[in-house]
Q: 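Let me give you the structure first, and then I'll get to my questions.
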Protein chains: 2
Amino acid sequence: MDAATRAQFVESWGSMGGLWGINRSMARIHALLLATREPLSLEDIARELEMSRGNASMSLKELRNWGVIRRVHLTGERKDYYIAEDDIWSMLFRIASERKKREFDPALAALRKALEATPPGNDLVRQRLGELEEILRAVERVLDRFLKDEEASRGMLKFLSAPIPYPGSGKGKKSRG
Amino acid sequence: MDAATRAQFVESWGSMGGLWGINRSMARIHALLLATREPLSLEDIARELEMSRGNASMSLKELRNWGVIRRVHLTGERKDYYIAEDDIWSMLFRIASERKKREFDPALAALRKALEATPPGNDLVRQRLGELEEILRAVERVLDRFLKDEEASRGMLKFLSAPIPYPGSGKGKKSRG
DNA sequence: CCAAACGTTCAGATCATCCTGAACGTTACA
DNA sequence: TGTAACGTTCAGGATGATCTGAACGTTTGG
């Protein structure tokens with residue numbers, strides 16, 4: 001494995017962290033593990049990525065919470081070793097689930113609280129909060145359906161990206177509403 | 001309109017900024033405009049939200065770039081006035097489009113660049129970048145289809161959140177690839 | 001031409017987030 | 001029990017995002 005290539009991969013993955021909603025250190029560690037066949041120890045990682053052991057430790061812990069890496073033990077070794085979850089789809093799926101839980105759900109809860117806390121007579125606020133709540137409720141149903149089953153969602157993505165039209169997607173108005 | 005209610009709405013919308021991918025000041029201004037029937041001037045906004053005129057100016061400019069507010073001119077007035085785009089769906093749609101453009105597209109471009117820059121022989125990196133590219137390509141097709149037409153996407157959301165099954169959504173395994 | 005009213009910009013202050021590294025806890029083994 | 005190897009934590013420093021406010025442009029009217 002070409003070290004320069006791996007380094008470049010680590011850095012581009014790292015700067016893509018924003019898209020996944022994880023920070024740079026986590027993304028870089030994740031990339032390194034994705035690009036390496038052998039399990040790596042905390043020390044290997046900290047040395048290779050030139051980061052502190054503390055940061056590596058925290059980031060590895062967090063990546064395990066996200067479910068995108070696993071800790072393994074090598075017989076005869078005292079150190080902990082880590083490998084990446086090898087299924088990319090599964091990784092994306094976990095990231096999506098986690099982000100819904102961390103970002104979407106609290107926002108929807110806050111919105112509902114705001115709606116309850118709005119006394120009658122504030123028509124404009126009530127109306128707009130209400131519209132938003134209705135839309136986000138629909139979004140939530142879609143997300144929940146999608147995130148319920150990792151296998152099924154694979155098929156769903158394929159279905160939705162395939163060039164076959166379905167109700168609501170075409171130019172021609174097909175009623176509905 | 002109840003000032004305390006409006007203030008609370010502004011603050012909850014403001015703290016929801018993260019979900020929309022816009023910052024706190026932008027979200028607060030947007031909320032204030034959503035909760036007010038009359039057009040407001042830059043000065044009105046800066047006073048009401050206790051922020052600097054500079055910040056208000058920059059945030060208003062940015063909100064206009066996102067297409068979620070509009071500048072209007074009142075006859076006989078020198079000041080600029082602002083109102084919120086009144087259709088919530090339209091607002092969410094614009095936000096979604098903008099975020100795809102700002103976050104997703106550059107990440108996919110970076111991924112493709114990384115893939116090209118990976119010399120043959122780096123099998124693991126190539127394979128994993130390739131899998132990811134394939135998935136994101138499918139995601140992109142879905143997003144493009146969804147974001148192509150504001151009206152159609154309304155129907156699509158309804159369709160997807162309705163309790164009718166379609167291929168790939170059920171428990172039963174239907175082949176596999 | 002000048003002055004007032006208004007909008008915009010951006011250097012530096014403020015604030016939040018992330019990272020480092022020393023201190024500490026735990027385990028294995030003599 | 002002592003000590004070496006290792007992992008974890010967290011106070012404080014570094015970095016990056018956001019906000020302020022003074023300086024500067026532009027427009028309007030005298």
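Order of the sequence lines sets the chain letters (A, B, ...), proteins ahead of strands, with each chain counted from 1.
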Q: Grab the N/O contacts between the protein and nucleotides 22-27 of chain D below 3.5 Å, and write none if there aren't any.
A:
from	atom 1	to	atom 2	distance (Å)
D:dT27	O2	B:R78	NH2	2.9

Q: Using atom CG of B:L42 as one end and atom P of C:dA5 as the other, report the distance to the nearest whole Å.
A: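 Roughly 16 Å, once rounded to whole Å.
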Q: Rounded to the nearest 0.5 Å, what separation is found between the OH atom of A:Y82 and the CZ atom of A:R64?
A: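 Spacing of OH (A:Y82) from CZ (A:R64) equals 5.5 Å.
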Q: Within a strict 4.5 Å, meaning less than it, do heavy atoms of the A:S12 and B:L111 side chains meet?
A: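 Not in contact.
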Q: Between B:E11 and B:R24, does any NZ, NE, NH1 or NH2 come within less than 4.0 Å of an OD or OE carboxylate oxygen?
A: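 Here B:R24 pairs with B:E11 in a salt bridge, since their nearest N and O are under 4.0 Å apart.
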Q: Going by number, which of residues 9-30 of chain A have a non-hydrogen atom under 4.0 Å from DNA chain D?
A: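 Per residue number, the list is empty: none.
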Q: Please round to the nearest 0.5 Å and tell me the distance separating atom OG of A:S59 and atom CG of A:N23.
A: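 Atom-to-atom, A:S59:OG and A:N23:CG are 5.5 Å apart.
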Q: Quick one: do A:K101 and A:E98 make a salt bridge, cutoff under 4.0 Å?
A: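 Counted as a salt bridge, because a side-chain N and a carboxylate O are separated by less than 4.0 Å.
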Q: Check this for me, if you would: do B:E134 and A:K158 make a salt bridge, where the nitrogen-to-carboxylate-oxygen distance has to be below 4.0 angstrom?
A: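 Between A:K158 and B:E134 there is no salt bridge, as every charged N stays at least 4.0 Å from the carboxylate O atoms.
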Q: Will you find, in the side chains of B:S90 and B:R94, an N or O donor that is under 3.5 Å from an N or O acceptor?
A: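 Looking only at side-chain atoms, B:R94 and B:S90 do form a donor-acceptor pair, the distance falling under 3.5 Å.
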Q: Got a salt bridge between B:R112 and B:E116, using NZ or NE/NH1/NH2 to carboxylate O under 4.0 Å?
A: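 No.
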Q: A:E77 has an atom CD; how far is it from atom P of D:dA4, in whole Å?
A: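 Those two atoms, CD and P, are 20 Å apart.
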Q: Looking only at side-chain atoms of A:M58, point me to the closest of C:dT20, D:dT9, C:dT9.
A: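 Shortest atom-to-atom distance from the side chain points to D:dT9.
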Q: With the criterion being N/O to N/O and under 3.5 Å, what pairs connect the protein with nucleotides 11-16 of chain D, and how long is each?
A:
none

Q: Distance check needed: C:dA11 C1' versus B:N55 CG, whole Å only.
A: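 After rounding, the reported distance stands at 15 Å.
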Q: Go through the side-chain N and O atoms of B:D44 and B:S41 and say whether any donor and acceptor fall under 3.5 Å apart.
A: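 Yes, B:S41 and B:D44 have a side-chain donor paired with an acceptor closer than 3.5 Å.
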Q: Once you round it to whole Å, what is the distance between P of C:dC19 and CD of A:E62?
A: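 Rounded to whole Å, this separation is 12 Å.
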Q: With the side chain of B:R71 defined as its heavy atoms from C-beta on, choose the nearest nucleotide among C:dT8, C:dC6, C:dT20.
A: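 For the B:R71 side chain, the nearest candidate turns out to be C:dT8.
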Q: The criterion is salt bridge (Lys or Arg N to Asp or Glu O under 4.0 Å); which residues satisfy it with B:E140, sequence neighbours excluded?
A: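 Salt bridge (Lys or Arg N to Asp or Glu O under 4.0 Å) check on B:E140 returns B:K100.
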Q: For a side chain to side chain contact (heavy atoms under 4.5 Å, CB included) check, start with the C-alpha distance between A:M16 and B:E103, then their side-chain angles and the critical distance, and finish with the verdict.
A: CA-CA 9 Å; A:M16 242 186 278; B:E103 299 173 33; over 6 Å; no
Q: For the helix from C:dC1-D:dG30 to C:dA30-D:dT1, how many degrees between its two end axes (five pairs per end), to the nearest 10°?
A: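 End axes: 0° apart.
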Q: In the hydrophobic clustering (ILVMFWY, side-chain contacts below 4.5 Å, transitive), which residues join A:V72, or is it alone?
A: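 Other cluster members: A:L74, A:Y81, A:I83.
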Q: Taking the nucleotide of DNA chain C with the nearest heavy atom to each, does B:D80 or A:S52 sit closer to the 5' end?
A: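 Checking each residue's closest nucleotide, the 5'-ward one belongs to B:D80.
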Q: Quick one: B:K61 NZ to D:dT18 P, roughly how many Å, whole number?
A: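 Atom NZ in B:K61 sits about 16 Å away from atom P in D:dT18.
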Q: How close or far is atom P of D:dT20 from atom CG of B:L49, stated in whole angstroms?
A: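 These atoms are roughly 10 Å apart.
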Q: Between D:dT8, D:dT20, C:dT9, which nucleotide has the shortest distance from any of its atoms to the side chain of B:M51?
A: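 Output: D:dT20.
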Q: Between B:E151 and B:R154, is the closest basic N to carboxylate O distance under 4.0 Å?
A: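 The answer is yes: the pair qualifies as a salt bridge.
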Q: Taking the inter-plane angle between the rings of A:W13 and A:W20 on a 0 to 90° scale, is it parallel (under 30°), tilted (30 to 60°) or perpendicular (over 60°)?
A: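 Rings of A:W13 and A:W20: tilted, 30 to 60°.
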